[in-house]
Amino acid sequence: MDDRGGSFVAVRRISQGPCHSSSAEIVAGSTAWLGRGLSCVCAQRRESDARPSFDLTSTQEECLQRLQSRIDVPYDSSIPEHQDALRALWDAAFPEEKLHGLISEQWKEMGWQGKDPSTDFRGGGFISLENLLYFARNFPKSFQDLLRKQEGDRSVWEYPFAVAGVNITFMLIQMLDLEAENESAFDLLYCITFKLMDHQWLSMRASYMDFNTVMKSTRRQLEKELLLEEITRLEDVPSYRLLSR
């Protein structure tokens with residue numbers, strides 16, 4: 001366990017060929033099965049280390065580096081690509097309502113804390129906006145259900161949708177040292193986790209003041225599911241069944 005409560009494994013990065021533990025670079029990471037058809041490469045337990053180790057192929061290593069480079073990008077309201085992504089998120093969330101500007105009281109409808117969403121991206125960076133947009137485009141029904149709080153017996157004081165999304169991105173970045181052959185695996189895991197968080201919210205009959213407790217519960221449940229022996233791809237994670245397109 002790390003000081004944030006995560007379950008960790010050793011990840012060995014390799015470029016090609018068989019496993020050679022004597023020359024492998026050891027880094028700390030948390031276990032995850034990410035991406036369609038992803039299988040564990042050279043997973044084993046060392047006598048000197050109770051944690052399983054995962055050797056990464058060159059393809060997985062390249063994908064990991066791309067994902068880590070995405071994580072390092074802050075949201076910058078002066079970059080046209082970031083502006084376009086924010087507008088696209090609005091259009092996906094409220095296709096029937098015209099956005100008046102990137103700084104507008106309208107953003108509060110989506111669950112941002114103020115009229116300028118850029119102030120809420122500090123913890124998650126640009127990837128947290130990409131995650132929300134991926135969710136909206138790939139699982140529109142689940143996205144709209146969560147945005148509009150359409151499922152379950154809900155609290156009067158609800159969690160803010162967009163800010164919750166940024167928090168989920170940040171939680172996953174903390175939890176995972178990603179090893180995947182499919183770069184969209186992180187985005188798919190994000191969708192699963194958001195839906196799982198809402199499921200936990202309803203089952204705990206939570207209200208706004210319980211948000212941190214719900215996030216901790218979501219993290220524990222996600223770790224349990226990712227560690228199940230039968231999980232070889234994200235579609236096998238039990239909470240994947242909560243999603244609908």
Point-to-point distance, once rounded to the nearest 0.5 Å, from CG of Leu132 to CZ of Arg137:
12.0 Å
Please check: side-chain N/O of Ser69 versus main-chain N/O of Arg66, any donor-acceptor pairing under 3.5 Å?
yes
Lys141 vs Gln150, test: side-chain contact (heavy atoms from CB on, under 4.5 Å). Steps then yes/no.
CA-CA 10 Å; Lys141 185 180 185 308; Gln150 291 180 334; over 6 Å; no
At their closest point, which heavy atom of Leu189 faces which heavy atom of Thr193, and how far apart are they?
O-OG1, 2.7 Å
Kindly compute the distance separating CD (Gln200) from OG1 (Thr213), expressed to the nearest 0.5 Å.
11.5 Å
Backbone of Leu202 reached by a side-chain donor or acceptor of Arg154 within 3.5 Å
no
Interatomic distance, Leu133 atom CG to Glu130 atom CD [nearest 0.5 angstrom]:
8.5 Å
For the residue pair Ile231 and Glu225, establish whether any side-chain heavy-atom pair is separated by less than 4.5 Å.
no
Can you find a pair of side-chain heavy atoms, one from Leu242 and one from Asp198, that are under 4.5 Å apart?
no
Greater than 12 external heavy atoms within 6.0 Å of Ile79's CD1
yes
Can you confirm whether Leu243 sits close enough to Asn138 that some side-chain heavy atom of one is under 4.5 Å from a side-chain heavy atom of the other?
no
Kindly work out whether a path of hydrophobic side-chain contacts (I/L/V/M/F/W/Y, heavy atoms less than 4.5 Å apart) joins Phe170 to Ile168.
no
Heavy-atom nearest pair, Thr169 first then Phe186, reads O-CZ, 4.2 Å
Should the ring pair Phe194 and Tyr159 be called parallel, tilted or perpendicular, given that the plane angle runs from 0 to 90° and is split at 30 and 60?
tilted
Quick test of your reading of the model: are Asp236 and Arg233 salt-bridged, counting only N-O distances below 4.0 Å?
yes
Checking the side chain of Ser142 only, and the main-chain atoms of Phe139 only, is there a donor and an acceptor separated by less than 3.5 Å?
no
With a 4.0 Å cut-off on N to O distance, would you call Asp91 and Arg87 a salt bridge?
no
Side-chain heavy-atom pair Val163, Phe211 within 4.5 angstrom cut-off:
no
Mind running side-chain contact (heavy atoms from CB on, under 4.5 Å) on Met204 and Asp210 for me, showing each step along the way?
CA-CA 9 Å; Met204 295 170 66; Asp210 301 313; 5.9 Å; no
Would you say the side-chain atoms of Gln221 pair up with the backbone N or O of Leu196, donor to acceptor, closer than 3.5 Å?
no
Taking C-beta and beyond as the side chain, do Pro238 and Leu228 meet within less than 4.5 Å on heavy atoms?
yes
Quick check against the 3.5 Å criterion: does Gln144 have a side-chain atom that pairs as donor or acceptor with the backbone of Ala93?
yes
In terms of heavy-atom contacts, Ser239 and Ile192 come closest through CB-CG2, 3.8 Å
Quick one: are Phe161 and Arg148 in side-chain contact, heavy atoms under 4.5 Å?
no
dist Asp116:CG -> Phe121:CZ (nearest 0.5 Å) comes out at 9.5 Å
Please give me the minimum heavy-atom distance between Lys108 and Lys115, naming the atom from each residue.
CE-N, 4.1 Å
For Gly125 and Ser128, which heavy atoms make the closest approach, and how far apart are they?
O-OG, 2.6 Å
State the CG-CG distance between Asp120 and Leu129, to the nearest 0.5 angstrom.
12.0 Å
Criterion side-chain contact (heavy atoms from CB on, under 4.5 Å) on Leu146 and Phe135, from CA distance to verdict
CA-CA 11 Å; Leu146 296 181; Phe135 195 2; 3.7 Å; yes
Minimal heavy-atom distance between Val166 and Trp112, with the atoms involved, is CG2-CZ3, 3.9 Å
Heavy-atom donor-acceptor pair, Thr218 side chain to Val214 backbone, under 3.5 Å:
yes
Between Arg70 and Asp187, does at least one N-O distance fall below 4.0 Å, as a salt bridge requires?
yes
Do Tyr208 and Met171 belong together in a cluster built from hydrophobic side chains that touch within less than 4.5 Å?
no
So Leu102 and Ser77, do their side chains get closer than 4.5 Å, heavy atoms only?
no
Using modelled atom types and a 3.5 Å cut-off, is there a donor and acceptor pairing between side-chain atoms of Glu158 and backbone atoms of Ser155?
yes
According to the interplanar angle, ranging from 0 to 90°, do the rings of Phe94 and Trp90 count as parallel (below 30°), tilted (30 to 60°) or perpendicular (above 60°)?
tilted
List for me each residue that meets ring pair (Phe, Tyr, Trp, His ring centres under 6.0 Å) alongside His82, sequence neighbours excluded, and say none if there are none.
Tyr75, Phe126
Donor-acceptor pair between Glu97 and Gln106 side chains, under 3.5 angstrom
yes
Side-chain touch Tyr134/Leu188, heavy atoms, less than 4.5 angstrom
yes
When rounded to the nearest 0.5 Å, the distance separating SG of Cys191 from CG of Asn131 is 7.5 Å
Report the C-alpha distance between Leu99 and Trp107 in whole Å, list the side-chain angles of each, state the deciding distance to 0.1 Å, and finish with yes or no for side-chain contact (heavy atoms from CB on, under 4.5 Å).
CA-CA 9 Å; Leu99 178 66; Trp107 288 107; 3.6 Å; yes
Does Trp157 reach the main-chain N or O of Ala206 with its side chain, forming a donor-acceptor pair under 3.5 Å?
no
